[in-house]
Amino acid sequence: MKILRFSIFIIFFFSLSIAASPIKVVNQVENTEDQLKVLDNTPVVYCSIKDLARVLSTTIYENTEREKIVLYLGEHRVKISAGTSFIVIDDVIYQIPVPAIIVEGDIYLPTNALFKILHKTVLPSVSYIVKNNQLVIIPTGYNIQSVKVEEKANGTIIRIKTLKKFKKKEISAFLHKNGWFYLTVQGGAADSTNILKADTRGIVKKISMDQLEGGLQLAFFLRSEIERHEFYQNKKTREIVITLWAPLSKSAARIKEVKRQWEIDTIVLDAGHGGKDPGTIGKYGTKEKTIVLDIVKRIGRLLTKSTNVKVVYTRDEDVFIPLWQRTKMANEKNGKIFISVHANGNRNRNAHGFETYLLRPGKTQDAIDVAARENAAIKYEESRNGKYKELTYEGQILATMAQSMFMKESESLAAQIQHELEKEIKSQSRGVKQAGFYVLVGASMPNVLLEVGFLTNPDEEKKLRTVKYRQKIAEAVYRAIIEFKKSREYVMAEG
Ligand SMILES: [Zn+2]
């Protein structure tokens, strides 16, 4: 099969006998020059895909048996098969005038046709100039990256990720009576494959885009009428945010209801361990249960002093509370955030720093060890029969799924806590991690478990013994809660 195809090619082209020189690659981004390998004796210039991958510093996947190569370009996949007259880019088929040729395990494509397609789709920064036999790579002009549509109780929000701060007059929007809402960004440029893959929801039924002479026009086909629209560019994130307000009459009642659900009016603070369960004990005799109760009370005091949220403590004294009772209490009190505070322990006395956990199947051995230690608290519970399903890997997945609707929020709360602690205290940030904790299972609200530091590290134990350090931790967690609360309530604020 291979031989036959190759012979036809030879017979067909041999008499033309054009000696081909390689394509000159002019990279204007890195200011370098290179050469791209081509086939000899072809009527049009055929370039090598393997060599192209090298030139573009990207990777390929090869299936030699099926004579296929997949070229990875950013998030895009370009599939090339020898002997066929088409290429497949992200599952869309494009026709090329002559078939791809395989020579010594490398596939060659007609250069001009290939780059016409790539330029239009996934490689707008690369052009092939036929008359100079040159491949020119220019800095990409894309400054608009993606579109995200969010449905809210009172309307729909469209978020457009951009790289550039546009002037106010460069962005305009209007609602056409044909049902399309248009946003025009002067000087805007985007890769249509990134824009059009956005999921539509809420009022937005369809998204379309046009790269115009002076900029970019995005068009959104609306499912129903809107009361009004607003847009602005966030100076910090550079995101263009469009709000399409649903007609008021329809949404007023719903807004009220959702607002009540969303409002973070109750925060549950859970001091780990307590009573007969001391938790980790440091070299100087510091007990985890004492340290974390103090920190939790400090967080609570800051909240009560400066906000009107209700603070619920799962324990406010040195008593033993079973793990299952802690989340039960949080749910019964209608908590909107659950934060469990602990201090860490490790056989390695050098281990130090703070980390925040999400309830998810444990990924690393360290995370699993931390969960195992914290879960060990159930050994102090006298009547635990049937209270805990064993947190096997499957059990952890089920528990995680049950609260997946809070997962995104738990993630941002955890990130916020780490972020504030990084600013406030001088210790190592060990990041946001995940593991299976009984104390988080079943919480019907965003929930995280914070390990403030290692009591098994004598230096960190010393720090944790000081009021100043504990107050700093409390202030950081307090600020994280406030930031989280703000960001979650922001959308509803204008309802
Ligand atoms: Zn603990």
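Order of listing sets the numbers, starting from 1, for every ligand and every atom in it. Throughout, residue positions are numbered sequentially from 1 according to the sequence presented.
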Residue pair Trp180 / Lys206, side-chain heavy-atom distance below 4.5 Å: yes

OE2 (Glu288) to the Zn ion (ligand 1) to ND1 (His342) angle, given to the nearest 10 degrees: 100°

Atom name of the N, O or S atom in His273 that lies nearest to the Zn ion (ligand 1): NE2

Rounded distance [0.5 Å steps], OH in Tyr478 versus OG1 in Thr304: 10.0 Å

The Zn ion (ligand 1) - name of the N/O/S atom of Glu374 that sits closest to it: OE1

Spatial distance of atom CE (Met445) from atom CG (Asn334) [nearest 0.5 Å]: 7.5 Å

Worked verdict on Lys408 versus Glu411 for salt bridge (Lys or Arg N to Asp or Glu O under 4.0 Å): CA-CA 5 Å; Lys408 253 204 136 66; Glu411 267 173 32; 5.4 Å; no

